[in-house]
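Count residues from 1 along the sequence. Every number for a ligand or one of its atoms is a count from 1 in the order of the listing.
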Amino acid sequence: MYIKKKKSWHISEALVTDESCFRNRRLFLNSLGKTVLTLSLYPSLSYASYEASNKLNKNYFLPSPYTNEKLATTYTNFYEFGSSKNIWRRASKLKVDNWSIKIDGLVKKKKTFDINNLKKLIGLEERIYRFRCVEGWAMVIPWLGFPVNKILNLVDPDKGANYLKFETFYDPKIAPGQKQNWYPWPYVEGITLKEAKNDLAFFATGMYGKDIPNQNGAPLRLVLPWKYGFKSIKSIVKITFTKEKPIGLWEKLAPKEYGFWANVNPNVPHPRWSQSKEQLLGANKYQKTQIYNGYEENVSYLYANLSKQEKLKLFR
Ligand SMILES: Nc1nc2c(c(=O)[nH]1)N[C@H]1C(S)=C(S)[C@@H](COP(=O)(O)O)O[C@H]1N2
Ligand SMILES: [Mo]
């Protein structure tokens, strides 16, 4: 991140990009500066240790320190509740009991699952993953949940299914951000079926050994640790198997800035800022960003056979 070096000429560059998007991402830049300052004043919010539970999948262990739980659950992106990071109180309005998830599209067995039944049916495990937001902040989080590939057997995708499209709830009465009609609500994201089969692709229903808080995407959110955070869609109500590539909310708003693949790469800058470094929340320092956020060995095969043209778009 080169926030301190930002000069006024960045503004004119920003004005040529999507206006509403810029407005919100700029808010972030302001708040990140404040966060650095605040954290150095409050050491209690520093990077912390956490004891993994007996559900830990040892293939996905990372050593501590982990992101401080309070920080990871109060500094969140959830535009349905507003464009600031400080939306955790507002998100308490979301009613997450009696939540069901509809799975439809190109599958042999279309189904609607009650979230609690789905959790019981599949069972939960714990995984510790790195997480990297496109804005330049990063975390290390112990998630609870299950791999995305576990739902494939339950619905049996058709031969023609190439993509999974995920959708968040739409309810402007409880989510004031959804009254801002310049966003193409509901929040949508997508991945390829091949990516869904990769064991890293994860559905989180909990974090830090507890149910996931509303503001982090209760009761079910995607976690794709090798991609920028906006791909990890929160509070999913629907999963559709499709032939065509789905277009996500951010891609619709600003296609030059946020694409379908959005794989983490320190060497491919965002049009408005560098991606070479990241700030670990609470750690008050920058570290180098890694290709595929450190998961190259797990995922690079997914992209080996793409066309030259697609390969150019892999990292945004
Ligand atoms: N429905 C929904 N999902 C979302 C978002 C959002 O605004 N709405 N923000 C995304 C972005 S930009 C990031 S970085 C992560 C943040 O996850 P966290 O707040 O749990 O750290 O959620 C992603 N999922
Ligand atoms: Mo993000």
Visitor: Below 4.0 angstrom from a heavy atom of Arg221, which ligand 1 atoms are there? Numbered from 1 as shown, please.
Guide: 15 (C), 17 (O), 18 (P), 20 (O), 22 (O)
Visitor: With a cut-off of 4.0 Å, which atoms of ligand 1 are near a heavy atom of Gly229?
Guide: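 Near Gly229, the atoms of ligand 1 are 10 (C), 11 (C), 13 (C), 14 (S), 15 (C), 22 (O), 23 (C).
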Visitor: Under a plain distance cut-off of 3.5 Å, with no hydrogens placed, do Glu126 and Ser53 share a side-chain donor-acceptor pair?
Guide: yes
Visitor: Could you check whether atom NZ of Lys93 has more than 12 heavy atoms from other residues, nucleotides or ligands sitting under 6.0 Å from it?
Guide: no
Visitor: So, using side-chain hydrogen bond (donor to acceptor under 3.5 Å, both in side chains) as the criterion, who are the partners of Tyr129 when residues are at least two apart?
Guide: Arg127
Visitor: Identify which of Trp250, Phe78, Tyr75, Phe131 has a heavy atom lying nearest to atom 16 (C) of ligand 1.
Guide: Phe131
Visitor: Heavy-atom contact check, 4.0 Å cutoff: does Tyr228 meet ligand 1?
Guide: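 No, Tyr228 has no heavy atom closer than 4.0 Å to ligand 1.
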Visitor: Pull out every atom of ligand 1 sitting under 4.0 Å from any heavy atom of Asn216, numbered as shown with elements.
Guide: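 Going through ligand 1 atom by atom, the ones under 4.0 Å from Asn216 are 18 (P), 20 (O).
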Visitor: Show the atoms of ligand 1 that are less than 4.0 angstrom away from any heavy atom in Thr76.
Guide: 19 (O)
Visitor: Which of the numbered atoms in ligand 1 are below 4.0 angstrom from a heavy atom of Ile233?
Guide: 3 (N), 24 (N)
Visitor: May I ask you to check whether Phe78 and Trp88 place their ring centers less than 6.0 Å from one another?
Guide: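 Phe78 vs Trp88: aromatic centres not under 6.0 Å.
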Visitor: Please classify the Glu135 to ligand 1 contact at 4.0 Å (heavy-atom distances, strictly less than): side chain, backbone, both or neither.
Guide: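 Within the 4.0 Å criterion, Glu135 makes no contact with ligand 1.
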Visitor: Can you confirm whether the side chains of Tyr60 and Asp199 place a donor and an acceptor under 3.5 Å from each other?
Guide: yes
Visitor: Suppose I only count heavy atoms of Cys133 and a 4.0 Å limit; which atoms of ligand 1 are within that range?
Guide: 14 (S)
Visitor: Which one of Tyr79, Tyr258, Tyr187, Trp143 has a non-hydrogen atom at the shortest distance from atom 10 (C) of ligand 1?
Guide: Tyr187
Visitor: Quick one: which ligand 1 atoms are inside 4.0 Å of a heavy atom on Met139?
Guide: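 So the answer, numbered in order with elements, is 21 (O).
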Visitor: With a cut-off of 4.0 Å, which atoms of ligand 1 are near a heavy atom of Ser232?
Guide: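 Checking each atom against Ser232, I get 22 (O), 23 (C), 24 (N).
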Visitor: Side chain, backbone, both or neither: which applies to Thr168 and ligand 1 if a contact is any heavy-atom pair less than 4.0 Å apart?
Guide: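 Side chain only.
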Visitor: So, do Tyr258 and Trp250 have ring centers that fall under 6.0 Å from each other?
Guide: yes
Visitor: For ligand 1, note which part of Phe81 has a heavy atom under 4.0 Å away: side chain, backbone, both or neither.
Guide: neither
Visitor: Does an N or O anywhere in Lys234 fall below 3.5 Å from an N or O of ligand 1?
Guide: yes
Visitor: For Trp261, which residues count as a ring-ring contact (aromatic ring centres under 6.0 Å, His included) partner, sequence neighbours excluded?
Guide: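 Trp261: ring-ring contact (aromatic ring centres under 6.0 Å, His included) contacts with Tyr303.
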Visitor: Looking at ligand 1, would Gly217 count as a contact under a 4.0 Å heavy-atom criterion?
Guide: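 Gly217: no contact with ligand 1 (<4.0 Å).
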Visitor: Are Phe146 and Phe202 near enough that their ring centres are under 6.0 Å apart?
Guide: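 Centroid distance Phe146-Phe202: not below 6.0 Å, so no.
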Visitor: With a 6.0 Å cut-off on ring centres, are Phe241 and Tyr163 close enough?
Guide: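 No, they do not, as the ring centres are separated by 6.0 Å or more.
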Visitor: Is the distance between the ring centroids of Trp137 and Tyr286 less than 6.0 Å?
Guide: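 No, ring centres 6.0 Å or more apart.
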